Structures are given as C-alpha cells and as structure tokens.
Amino acid sequence: LYQYETACWNICLSVRNSEKTTSFVLLGMVIYKLYGYRLEYCRLLSDDLTPKKHRSFFDSIISYGYIELLTDGKYNSAVYKAGYWYYRYVDTDGNVVETATEPFCHCFAVRDAMDMKSNYTTNSVFLIFDEFIDPTKVYKDDFVLLCDCISTIARKRYIWVNCLANTIDRQSIWFKELNISRDIV
C-alpha cells in the first residue's frame, strides 16, 4: 500500500482543553493560505459532523480574528455547508456580504470511507483525524477505512496525517494498528 510510503503520521495526545484541534486547524489554514491546499478534517462518525454539532467549530478562530488575518481582511467568518467550510465576510449588522466559492476545509467521517472512495478529488496534503481514540466507538476496521480515506485524498501525493485525542488509552487498538503499542508506556 503506497500510503505508508507517502504519509507522515503524527499523533498528539493530551488532556482536554489544550487547544490541540484549534492549533492544528490553524496550521491547516496557514497551509491553505500559503499553498492553496485544502484542509481535510475527519472524525470517526458522520454524526460528529452534523451541522448541529459542528456549526460552532470555528467560533474561537473567528473570535480571535484569525480568519481576517489569514485572508488579508477579505473574510472574517466561515460557514459550514454540506461537509465543507467556506470563508465569508459578515458586516457589523450581521449581513453576509460575500462567501468564498471554494472551500478551505472538507469534513468527513472515517466510517463513510466507501462513500468517499473514487468520487472525491482534492489537492489536500494535510489531514486532521480528531478524537481518534474513543473507546466507546471502537470498530475493528477503522484503521483500514482511514487508510482508504488517505488513499482517496492523497492520490499518490505526500500527505501529513495528524491524529489528535483527549483520551489517553494505552490499550487502544490504534496503537497496535500503527505498530507503536510497544512504545506507549
């Protein structure tokens, strides 16, 4: 499988509220600004990405003015539509003045890998797999599904896979799948 040769895997584990996700999302946004590569963000289940649960995802990034900074003032907000995040400009009265035509971020669920396969194209090189360790959602084929997603996204390009988690479970199947279980002490 070529994704092992073309993927750089990073794992970041810490306690909740350490701003891991925000930091990695901001890095993905910087990559988008500098190189035009769309950010890929995934979770295990599509239920975690519903508009109801995901619509406030960029609230802290918006409130600190990072979008304005990264878009040179062209946009100041973001909107979530059909699994994609788009930059937009909202005036002081709350009216949407402009929305970008191209998304800067795509969101998907690992368990939906078969729906994404062969029907998704992107130029992405940076993937965030958030909350990848969740003992309540263990499924034996999640690693294979994730590799299918990586294969679909990368299309033989080099890609950075960033796995983030708040749960530190030394017995997690993910460590076995990544062949690092002996290194987890």
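Everything quoted here is computed from the prediction, not taken from an experiment.
C147 contributes atom SG, which lies 11.0 Å from atom CG of D142 (distance to the nearest 0.5 angstrom). Here the CD1-SG distance, from I11 to C163, works out to 5.5 Å after rounding to the nearest 0.5 Å. Going from atom CG of L26 over to atom OG of S60 covers 7.5 Å, rounded to the nearest 0.5 Å. Note: Y37 OH to I31 CD1 = 10.0 Å, rounded to the nearest 0.5 Å. Note that CD1 of I153 and SG of C42 are 7.0 Å apart. Values are rounded to the nearest 0.5 Å. Taking CD1 of I150 as the start and CZ of F143 as the end, the distance is 7.0 Å to the nearest 0.5 Å.
For the ring-ring contact (aromatic ring centres under 6.0 Å, His included) test, residues two or more places apart in sequence or in another chain that qualify with Y80 are H54, W85. Remark: R88 engages no residue in a side-chain hydrogen bond (donor to acceptor under 3.5 Å, both in side chains) (not counting sequence neighbours). Considering only residues two or more places apart in sequence or on other chains, E68 meets the side chain to side chain contact (heavy atoms under 4.5 Å, CB included) condition with N76. In this structure, the side-chain hydrogen bond (donor to acceptor under 3.5 Å, both in side chains) partners of D72, at least two apart in sequence or on a different chain, are K33. A search for side chain to side chain contact (heavy atoms under 4.5 Å, CB included) contacts involving D112 returns S46, A109, D115, not counting sequence neighbours.
Ring centroid separation for the pair F58 and F104 comes in under the 6.0 Å cut-off.
In the hydrophobic clustering of ILVMFWY residues, with side-chain heavy atoms under 4.5 Å counting as a link, L70 and Y89 come out together. Grouping the Ile, Leu, Val, Met, Phe, Trp and Tyr side chains by contacts below 4.5 angstrom, directly or via other members, places V144 apart from F108. In the hydrophobic clustering of ILVMFWY residues, with side-chain heavy atoms under 4.5 Å counting as a link, Y87 and Y64 come out together. Under the 4.5 Å side-chain heavy-atom criterion for ILVMFWY residues, no single connected hydrophobic cluster contains both L69 and Y35. Note: the hydrophobic cluster containing M29 does not contain V90 (ILVMFWY, side chain heavy atoms under 4.5 Å, direct or indirect links).
Dense packing is recorded around OH of Y86, with more than 12 heavy atoms of other residues, nucleotides or ligands lying under 6.0 Å away.
Closest approach of I62 to A78, counting heavy atoms only: CD1-N, 3.7 Å. In plain terms, the two heavy atoms of K20 and A165 that are nearest each other are CE-O, 3.3 Å. Between D48 and K53, the closest heavy-atom pair is O-CB, 4.2 Å.
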Show me the donor-acceptor pairs within less than 3.5 Å that the side chains of residues 123-133 make with the rest of the protein, sequence neighbours left out.
| from | atom 1 | to | atom 2 | distance (Å) |
| --- | --- | --- | --- | --- |
| N123 | OD1 | R38 | N | 3.2 |
| N123 | ND2 | G36 | O | 2.8 |
| S124 | OG | R38 | O | 2.8 |
| S124 | OG | E40 | OE2 | 2.8 |
| S124 | OG | T122 | OG1 | 2.7 |
| D130 | OD1 | T21 | OG1 | 3.0 |
| D130 | OD2 | T21 | OG1 | 3.0 |
| D130 | OD2 | Y41 | OH | 2.6 |
| E131 | OE2 | N166 | ND2 | 2.8 |

* Asked: Passes side chain to side chain contact (heavy atoms under 4.5 Å, CB included), I61 versus Y66? Steps please.
  -> CA-CA 6 Å; I61 289 172; Y66 292 125; 3.8 Å; yes

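Panel note: side chain D91, backbone D93; a donor-acceptor pair is recorded below 3.5 Å. Distance alone, capped at 3.5 Å, is enough to place a donor-acceptor pair between the T152 side chain and the D148 backbone.
Using cut-offs of 30° and 60° for the angle between ring planes, the H106 and Y120 rings count as parallel.
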